[in-house]
2 protein chains.
Amino acid sequence: MTTPKRRLPVMADVAKEAGVSHQTVSRVLNDHPNVRADTRARVEAAITRLGYRRNLVARALVTKRSRTLGVVSFDTTLYGPASTIYGIEQAARTAGYFVSIVSLKSIDADNVRDAIDYLAEQGVDGVVVVAPQRSAARALESLPAGLPAVAVEGTHRADVSVVCIDQMEGAKLATRHLLDQGHDTVWHVSGPHDWMETEGRLEGWRAALEEAGRPVPEPLAGDWSPRAGYEAGKSLAAMDGVTAVFAANDQMALGVLRALSEKGVRVPQQISVVGFDDIPESEFFSPPLTTVRQDFDVVGRHCIEVLLRQIDLGHAAYERLVVRPSFVVRSSTAPIR
Amino acid sequence: MTTPKRRLPVMADVAKEAGVSHQTVSRVLNDHPNVRADTRARVEAAITRLGYRRNLVARALVTKRSRTLGVVSFDTTLYGPASTIYGIEQAARTAGYFVSIVSLKSIDADNVRDAIDYLAEQGVDGVVVVAPQRSAARALESLPAGLPAVAVEGTHRADVSVVCIDQMEGAKLATRHLLDQGHDTVWHVSGPHDWMETEGRLEGWRAALEEAGRPVPEPLAGDWSPRAGYEAGKSLAAMDGVTAVFAANDQMALGVLRALSEKGVRVPQQISVVGFDDIPESEFFSPPLTTVRQDFDVVGRHCIEVLLRQIDLGHAAYERLVVRPSFVVRSSTAPIR
DNA sequence: CGAGGGGATATGACCGAGCACATCTTGCGG
DNA sequence: CCGCAAGATGTGCTCGGTCATATCCCCTCG
């Protein structure tokens, strides 16, 4: 071996190379003002000459700030979580933070708690929990001491910051749109039990119907998957008097459309369908889907804002940020004839 | 203040509490065999009593292993990258590693290089780069010294490990399937320029046509989005003699289906359509999409396997792992009449 | 011309773990 | 009953930065 285990250069190496003390190198690295221009230049030259790269682990040890944020999420394959995390990551990096992710495949309070502990051990400065199940929300009740946290759709409790989308509002927009078009009532294909979104959308839908004095049909339970929507769609097609369906997400709406099309039911001529999410595909469904648009990106950005505010403050400061959904009318809904 | 800035307990605190040395605590934490059972019990009791949690940052400093892997990816909102990352994260966590993610919104070699540097600075033990653009692949040519890395679909170079899906094979499956059904030739809606997948699928499609001695039509260029597929679909509908279309991904296939349906062209009776990816939605398109299935999950797992092997070995060991796609026949293709 | 002051730089302790090595026990064979 | 090896535990240094503080330098002003 000609190269005797070439160790990566450290601050002391740079200091020697530049003929200064390690402290001066540190000052240069941290843009400290009190460094003479020529010294700075010399140090910088030494840094590039040696290919020095600062060791953030050592830095984190002494500053007690890792500049890393943890994210706990459920099924990052779904469009909603994926988009939210994307927003989180972008915002975090802009603010100079790393993002460490744990994605759970099954949700319960223990799993979430473990994930948070795991991240806390790693020394994250804060966590955002994207796990909108009621059971997961319980894990937020016992956070490691002093760990800043923010939940997405997670909880109604007042001692954890929350960023959420106004699910009820979205569901009302969808339901009212259908009622305004003259439909007697609106059927609902709901999300899986235990999800906050499921409940919010269910409530909003029910409230809108009740406000209008309409009958509230029994909702059909789904699980967000297109297959569940498909099954629900088959049931709906077999029922009498169904003219309007509000699916709790776009994937299920797709399944509904598919089932109706198979049964020869024309959308929107015979049945109108509305979704929720506005995934990129829904504009190109057959027919293009009328849906509720959620701006996940904004949610992700808000999470980071809230979290960083909490971190900078150095103590808990609970906020609740509600993002309003919008409504996108396309061709899957029409006035009743 | 009654609580005088309650510092988190450290190893020394546990040691004192248990009446042993910090080293013994360390041994207990690391499951070192040579610790008497009762000592272990005493230490463990002290740990829970104090709510002690090991500081992995300090540990990383001395072991020079952060047990964190970096992932650089492009647009984690897309189904492919999202699924791959999911697989990566699951496999990494099972192996006891954290995953730190950087998702780029625009790709060029500089961005990728910066992202890798950023992660290297943070002390990751290795990186996987999910950026299947030719330009991004160039960034892999100049990795920080000694940083284990693996690319997904990234490069043909022999000095970086690669895990990829056999794109050509997938494209050939799709094209041959259509030819076998009696179509004279197959049109292609390709992905955006510069992507490895685009090229692989293009090549496979062309090769399959040439092998069969068929004419090779000019491919239509898309950008993976359903909108691009829609535009391509409108063009195809306006052309004569088009009976079979191979779209480079399912989203574009959806756009094609939509355009054809608008123009009153029936699928598969008049035109057959094949996609690529097998996203969860494609089974419920109208009609359900025949497509090439990629197992992203497996790709993610392989990435971690290869990477960990490299890390454990302590030196470079280049591997190339090819995952074979499969073919899913549904209702968007039919024999020509 | 010397005191005073602020900017530039150096020195040493410290963060919280692991590692190498030293030391003290214990058990077992002769 | 001793010697010795293996097992159990402790000691002090180290990782690579930052922080608090000390020191030095040079300039200004009375």
Side-chain angles (χ1 to χ4, degrees), chain A residues 5-44 46-47 50-68 96 120-125 144, chain B residues 5-44 46-47 50-68 96 98 120-125 144 146:
Chain A
K5 187 65 182 170
R6 245 191 57 189
R7 193 182 42 106
L8 288 175
V10 299
M11 216 177 230
D13 301 326
V14 176
K16 188 164 353 137
E17 175 82 11
V20 297
S21 76
H22 65 118
Q23 177 60 7
T24 300
V25 178
S26 172
R27 286 201 190 85
V28 171
L29 252 31
N30 294 314
D31 290 314
H32 192 95
N34 294 345
V35 179
R36 234 186 318 158
D38 64 313
T39 310
R40 181 181 302 272
R42 221 153 17 113
V43 171
E44 274 161 359
I47 288 177
L50 265 51
Y52 168 73
R53 180 166 294 139
R54 148 163 62 182
N55 182 332
L56 292 185
V57 173
R59 175 205 184 80
L61 177 60
V62 45
T63 58
K64 300 184 178 308
R65 298 275 306 267
S66 62
R67 296 202 78 82
T68 298
E121 213 173 43
Q122 196 208 17
V124 296
D125 295 342
Chain B
K5 188 62 181 172
R6 245 193 54 189
R7 193 182 43 105
L8 289 174
V10 299
M11 216 178 222
D13 301 325
V14 177
K16 186 158 4 128
E17 176 82 11
V20 297
S21 75
H22 70 111
Q23 176 59 4
T24 301
V25 178
S26 172
R27 287 202 186 87
V28 171
L29 253 33
N30 294 315
D31 290 315
H32 192 96
N34 296 345
V35 179
R36 233 186 322 159
D38 64 314
T39 310
R40 182 182 301 273
R42 220 153 16 112
V43 170
E44 274 161 359
I47 287 177
L50 265 50
Y52 167 74
R53 180 166 293 139
R54 148 163 63 180
N55 182 332
L56 291 186
V57 173
R59 175 203 182 81
L61 178 59
V62 46
T63 58
K64 298 180 179 310
R65 297 275 306 263
S66 62
R67 296 202 77 82
T68 298
F98 291 89
E121 215 173 41
Q122 197 209 15
V124 296
D125 294 341

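All values derive from a computational prediction rather than experimental measurement. Here is how names work: the chains are called A, B, and so on, in the same order as the sequence lines, proteins then strands, and each is numbered from 1.
Looking only at distances, no side-chain donor or acceptor of A:Arg27 sits under 3.5 Å from a matching main-chain atom of A:Asn34.
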Next on the checklist: Run B:Val28 and B:Thr39 through side chain to side chain contact (heavy atoms under 4.5 Å, CB included) and show every step you take.
Outcome noted: CA-CA 9 Å; B:Val28 171; B:Thr39 310; 5.8 Å; no
Item to check | B:Val20/B:Arg42 under side chain to side chain contact (heavy atoms under 4.5 Å, CB included): CA gap, chis, key distance, verdict | outcome: CA-CA 9 Å; B:Val20 297; B:Arg42 220 153 16 112; 4.2 Å; yes
Next on the checklist: Could you go through B:Arg59 and B:Leu29, starting from their C-alpha distance and side-chain angles, then the distance that decides it, and tell me whether this counts as side chain to side chain contact (heavy atoms under 4.5 Å, CB included)?
Outcome noted: CA-CA 12 Å; B:Arg59 175 203 182 81; B:Leu29 253 33; over 6 Å; no
Is there any protein nitrogen or oxygen under 3.5 Å from a nitrogen or oxygen in nucleotides 24-28 of chain D, and what are the pairs?
none

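Distance CD1 (B:Ile47) to P (C:dA17): 10 Å, rounded to an integer number of Å. With rounding to whole Å, A:Glu121 atom CD is found 12 Å from C:dA17 atom C1'. One can place CD of B:Gln122 at 16 Å from C1' of D:dG16, the figure rounded to the nearest angstrom.
Heavy atoms only, all atoms of each residue included: B:Arg40 and B:His32 are closest at NH2-O, 2.9 Å. Residues A:Ser66 and A:Ala60 come closest through the heavy atom pair CA-CB, 3.9 Å. In terms of heavy-atom proximity, A:Arg53 sits nearest to B:Glu121 at CG-CG, 3.5 Å. Taking all atoms of both residues into account, the shortest heavy-atom contact from A:Tyr52 to A:Val10 is CE1-C, 3.5 Å.
Taking the C1' atoms of five terminal pairs at each end of the helix from C:dC1-D:dG30 to C:dG30-D:dC1, the two resulting helix axes are inclined by 50°, rounded to 10°.
Note on A:Ser26: a side-chain N or O is less than 4.0 Å away from OP1 or OP2 of D:dT18.
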Checklist outcome for this item: Per-nt protein contacts along nucleotides 5-16 of chain C (heavy atom under 4.0 Å; B base, S backbone sugar-phosphate only, - none) come out as ---SBBBB--BB
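One finds the CZ atom of B:Arg54 at 7.0 Å from the CE atom of B:Met11 (value rounded to the nearest 0.5 Å).
B:Gln122 and A:Thr68 share a donor-acceptor pair across their side chains, judged by distance under 3.5 Å alone.
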